[in-house]
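Written out below as structure tokens is the structure these notes cover.
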Amino acid sequence: MATEEVPRIGVFVCHCGHNIAGTVDVERVAEIAAHYPNVEFATHFMFMCSDSGQQLIRDKIEEFSLNRVVVASCSPRMHEPTFRRVVEEADVNRYCFEQVNLREHVSWCHMREPEAATEKAIDLIRMSVARAALLVPLEVKTVSVEPHTLVVGGGVAGLRAAIDIDSRGFKVTLVEREPELGGNLAKLSTLYQGNEKASDVIERMVLAARISENLTIMTDSEVVDVEGYIGNFDVTVKNNATDKTEKLRVGAIIVATGFQSWVPEGIPPYGMSLDVITLAQLEEMKRDDKLLCPSTGKPPKKVMFIGCVGSRQPGVQGHEHCSRYCCTAMVKAAADITEITDEVLILYDDIRTFGKGHEEVHRSAHEKFVMFSKFDRTKPAKTTVADGALSVKWRDILAGDNLEFHPDLLVLVTAMIPPEGVEKVSQLFSLTRSADGFFNEEHIKLAPLTTHTAGVMIAGAAQSAKDSTDSTTQASGAAAKAASLMARGEVEIESTVAHVLEELCSSCHTCATACPYGAISFDTSKKPEIAVVTEAECHGCGTCAAGCPSSAIIMRHSTDEQITAMVEAFLMPPPVMGGGDS
Amino acid sequence: MTVAGEKIVVEDRKSTDTALVIGGGVSGMQAALDIADQGYSVVLVERTPSIGGVMAMLDKTFPTLDCSACILTPKLSEVARHPNIELMTYSEVKSITGTAGNFRVSVLRKARKVLEDKCSGCGDCVPHCPIEVRNEFDQGLGYRKAVYIGFPQNTPLVYTIDSENCIKCGMCVKSCEREAIDLDLEDEEIEISVGAIVVATGYELYNVANYRRFGYGRFKNVINALEFERLINAAGPTAGNLMRLSDGKIPKSIGFIQCVGARDATKDVPYCSRVCCMYGIKNAVMAKELQHENVKKVTIYSIDIRAFGKGFEEFYNMAKDRFGIKFIRGRVGEVSENSRNKNIIVRAEDTTTGKFLEQEHELVVLCPGILPPKGLRDTANQLGLQLDSDGFIHVEQPASNPVDTAVSGVYICGCVEGPKDIPDSVAAGSAAAMRASITLWREGEH
Amino acid sequence: MSGKRFEPSIVAFTCNWCSYGGADLAGISRIQYPPNSKVIRLMCSGRVDPLMTLEAFKNGADGVIISGCHIGDCHYSTGNYRTEVRFMALRSAMDVIGLNPERLRLLWASASEGQQWADTMREMAEQVRELGPSPLKGGSKK
């Protein structure tokens, strides 16, 4: 543990190509950093995260016997794990590493003022150097991983993930809040992928799930509580039919809670006539071979689709995104029903048939004489109802004409939005959400399946609007992440937990009330009783330390001294040569 | 291709403990990592001298403008350092026989003429090499020596001597302190046994010169999108300074032409390439961002804008509203060159107004579509896989089993199934890893 | 300093999750804002001890921002409820010691709110510039 060694700090400033060096004078920044207290070495380099950059860090640690490393580069949310590993390879404890964010917090947001950006970079590095001097090595802990995965949601993504984990020989529990498995896919007719019937897909998967050896299916059930951490989550599942609860211990969790199809309640033309329906409702009719006008019960002769209803609306919260699956689903449905109707018309803005085979479906709709008209989403079509008959007027952008159509059935192709209860799920698993309301992945490009909560993966439409192919792809991928955890059997966890200094504790209980996890109890064998942190339960937020009136709680890796040192270094720069900006 | 040297049979591991991943792009790398993380061994075979694929050549990524190298390099090192992954770069799969649980694979290791275990990647040999050729990694816009690495993050960090251009002068051999260069090394063929296979050989870009009317190859200031990526990349041939190839000046007005070799049945590419709208917009934004003082006008000529993924539509709106990128809906008829200033004149019909447009740009970037990679048909034949009419690998049940092929034990990920962006390729890589590990688990003894 | 515009020094305590993500997103989206504020990354806004904030003012901060996840979205479930309570107490304390409470600001920012982050940094820089240097470092009495 903490050795009273003299800090020997190395500072490594990254150009990140042009990303940082294009704005910040990295050479000057490194030059100044070299003169800060305890800094033995400072340099700058094109890409610190590259192999040669990593080698440079390791070499300099050895050459200068560095025991603290500061890397000034990008956001630690991306590369802290990378650099922690690098310093560890050179025998420096991972908690003796400190990262300065010169990219997201400096060069990218102060691009037009390079001098001020450079000054800010200097300040930030000075602050981190001050903190680095006070960093303490911490023991790296590992915990065992329960060989059991929880999959939340029994739609196509949840099924895929659960079946895969079972086939890989691991125990898995699938929780679905509805009485039946299959989710939204079970409501569809024929899929545009491979022209397969959705019911065939679901039946095949449900069968595979039912005959599997290691898979437990819990329908009518919801997760109501999650405690613990990666490798050892304690999950409470409630059966809504019987009101009984069950506790499970799982090592990994896959959240595949899917989406709901938006119903524009109270927003015309929806509700103007029984014959105005959504694509989801049309799909159910098609599935049941009952494509009839709701008002008359007769088969429609003229059908009209309007695309992007509730999607792609700038400034409308939760509806700004493209729903990804609907263009292709719409042209597929339109092409299908040409056989039983006289006229089919599609109003669209862009036709986004982007995926494998989608353009072919699009083309087949044209070949089957589906009419396409491009309209302006910002000037919606006007729908009126007279004597029960629908009339839609709009302006065709390509022809520049005002057009009118009298559909028997008007199909609104509505957005995919997060399902009901998404807020609760996000709280249960500590997931953040993007502006479209879906869950955030760990990294939008290279880590689309893991999240910022270690051990919790996301898959399918829970992550963003998508079709079944993209959903099952993510599901198998998320299953791989869970399988890796379980196959390894153990995982490292953060050592950044709270610690009570016995002699300072005044047994006021403030910390215990502040702790969101009930991780603080009291040792009553001592007089007066003193607070004790159960480290496995502590998530490291530090709320207790902030509240403790006696300063009796040390928040490891985030101590009062470390934080205050940063504040002081910013506001009262030490009088060193070249240091400071004022 | 000469195959010399004796056949080496590697039999130090059980086939059912090992998977083969063909292709070291971002999808294949992810597949390798997710199999290896489960405790299985992986042999990752890559045709070029480095893993990283096309992503390594890109400057920024959409929709977050994250720099490609920044996010990719840690993955490169992760693969290179993983104890369960054996990297075979500059190598090609020659033949595959057998079935799930026991595939026999023959791999051609092309002679690098540099010993991988001795080379430290110092580059001391480079100044001594008298041969200069165009660097493929920079799309031929920059130069490299006959002894080279394509890019600074080349993984493994080992130099390669390109036999085609090397004159065997021996200068590099003398300059290498570690005696890592041996010009007499020959290709060798290695046989391995594996239990499961992941095909991740990626894609190829459409050759935009096939559209003669767009002037690529005839006019210097018509370039393709990957060339544009290299021109704005700090590690590229111009150190990130965007310039025209005719006179080195910063272009004040740039036109991007979409769907070049995509959604065009007359060129035998009827399908959408899925990524071009977004990389086109991204490049347009980058031009404005890098040179906001100079680049005044950026126009994108497109049919539909397919901004379908997470955060894409929002990015598209930002490009319009905040960066002032102009979007014109309409296929470009033709381009011509203004012989006086080498500017490019674009003629197109704006289909929303029906008006015929003629605009002069200082630089025009053609955004090519995606083709199946060369050799995919051979790989498919060897493995008994079916191809779709578009030339990509056929998937029987895309809705439920999107990375499975008709052959048990063989899985696919990334663009071999059809065009895909980075996150979709990464997710597919993980998915193929899962399916492959199930095969290994079932075929193995447990 | 004379002739130069007063550039306030602002300390921004942010949590590691939503608000640091929001600050990152502002950068990723290239949204520009003034460079006056310097971020100190903590795991949770609940980590911010009121004494630390007062210490910052004592050391010469012209403004302090405490930033965390939206109520209900806290990565640590309820950590930020504490933040809010402590913030209110702090503002009263500031009034007592003669510091304008406007020098302290609480910002709830989610990881998708890069624009809000940038807007707040801008507003805060302008507002504190208006108030002038902190009286605790011998500036004007505001």
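When reading the values below, keep in mind they use all heavy atoms of this one structure, side chains included, and skip hydrogens, waters and symmetry mates. Convention: sequence-line order gives letters A, B, ...; per-chain numbering from 1.
Interface residue C:Trp17: backbone and side-chain heavy atoms are both found under 4.5 Å from chain A. Only the side chain of A:Glu113 comes within less than 4.5 Å of a heavy atom of chain C; its backbone N, CA, C and O stay farther away. Interface remark: C:Val11 contributes backbone and side-chain atoms alike to the contact with chain A (heavy atom separation under 4.5 Å). Heavy-atom distances place the backbone of C:Asn36, and not its side chain, under 4.5 Å from chain A. For a residue to count as touching a neighbouring chain, one of its non-hydrogen atoms must lie under 4.5 Å from one of that chain's; by this rule A:Ser558 touches chain C with backbone and side chain alike. Residue A:Phe429 does not touch chain C at all, counting heavy-atom pairs closer than 4.5 Å. Of the two parts of C:Ala61, the backbone and the side chain both hold a non-hydrogen atom closer than 4.5 Å to a non-hydrogen atom of chain A. For A:Arg433, the part sitting under 4.5 Å from any heavy atom of chain C is the backbone (N, CA, C, O) and nothing else.
Panel note: side chain A:Gln427, backbone C:His75; no donor-acceptor pair is recorded below 3.5 Å. Checking side-chain atoms of A:Arg103 against main-chain N and O of C:Ile28 turns up no donor-acceptor pair under 3.5 Å. Remark: side-chain polar atoms of C:Ser9 are not paired, donor with acceptor, to backbone N or O of A:Leu571 under 3.5 angstrom. The backbone N or O of C:Gly27 lies less than 3.5 Å from no partner atom in the side chain of A:His105, so there is not a single donor-acceptor pair.
Ranked by heavy-atom pairs shorter than 4.5 Å toward chain A, the options C:Ile40, C:Thr83, C:Leu42, C:Asn16 are led by C:Ile40. Among C:Ala23, C:Gly60, C:Ala118, C:Ala111, the residue making the largest number of heavy-atom pairs under 4.5 Å with chain A is C:Ala23. Ranked by heavy-atom pairs under 4.5 Å with chain C, the list A:Leu431, A:Thr453, A:Asn101, A:Val106 is led by A:Asn101. Heavy-atom pairs under 4.5 Å with chain C peak, among A:Ala435, A:Ala514, A:Ser107, A:Ser434, at A:Ala514. Contacts with chain A were tallied for C:Gly46, C:Gly21, C:Cys18; C:Gly46 has the most, counting heavy-atom pairs under 4.5 Å. Listed options C:Glu55, C:Arg30, C:Met43 were ranked by heavy-atom pairs under 4.5 angstrom with chain A; first place goes to C:Arg30. Each of C:Pro34, C:Ser45, C:Ser29 has some count of heavy-atom pairs under 4.5 Å with chain A, and the biggest count is that of C:Pro34. Note on C:Thr78, C:Asn80, C:Asp24: by heavy-atom pairs under 4.5 Å with chain A, the leading option is C:Asp24. The candidate with the highest count of non-hydrogen atom pairs below 4.5 Å against chain C, out of A:Met127, A:Arg112, A:His557, is A:Met127.
Residues A:Thr543 and C:Arg86 approach most closely at O-NH2, 3.0 Å, considering heavy atoms. In terms of heavy atoms, A:Thr513 sits closest to C:Arg82 at O-NH2, 3.4 Å. Listed here is the closest heavy atom pair of A:Tyr517 and C:Tyr76: OH-CA, 3.0 Å. Scanning both residues, C:Cys44 and A:Cys541, for their nearest heavy atoms gives CB-O, 3.5 Å.
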_One pair to check against side chain to side chain contact (heavy atoms under 4.5 Å, CB included): A:Val567 and C:Lys58. What are the steps and the verdict?_
CA-CA 10 Å; A:Val567 174; C:Lys58 237 168 68 191; over 6 Å; no

*Going through the distances and angles, do C:Ile31 and A:Trp108 end up as a side chain to side chain contact (heavy atoms under 4.5 Å, CB included)?*
CA-CA 8 Å; C:Ile31 303 169; A:Trp108 278 353; over 6 Å; no

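Salt bridge status for A:Glu80 with C:Arg41: present, with a side-chain N to carboxylate O gap under 4.0 Å.
In this structure, A:Glu104 CD and C:Tyr20 OH are separated by 7.5 Å, a value rounded to the nearest 0.5 Å. Residue C:Trp117 holds its CH2 atom at 9.5 Å from SG of A:Cys109, rounded to the nearest 0.5 Å. Distance CG/A:Asp436 to OG/C:Ser112: 8.5 Å, rounded to 0.5 Å. How far CD of A:Glu119 is from CD of C:Glu7: 11.5 Å, rounded to the nearest 0.5 Å. Atom-to-atom distance recorded for A:Cys548:SG and C:Asp49:CG is 9.0 Å, nearest 0.5 angstrom. One distance of note links CG of A:Asp560 with CE of C:Met52; it measures 4.0 Å at 0.5 Å rounding.
A 6.0 Å sphere centred on CE of C:Met88 holds no more than 12 heavy atoms belonging to other residues, nucleotides or ligands.
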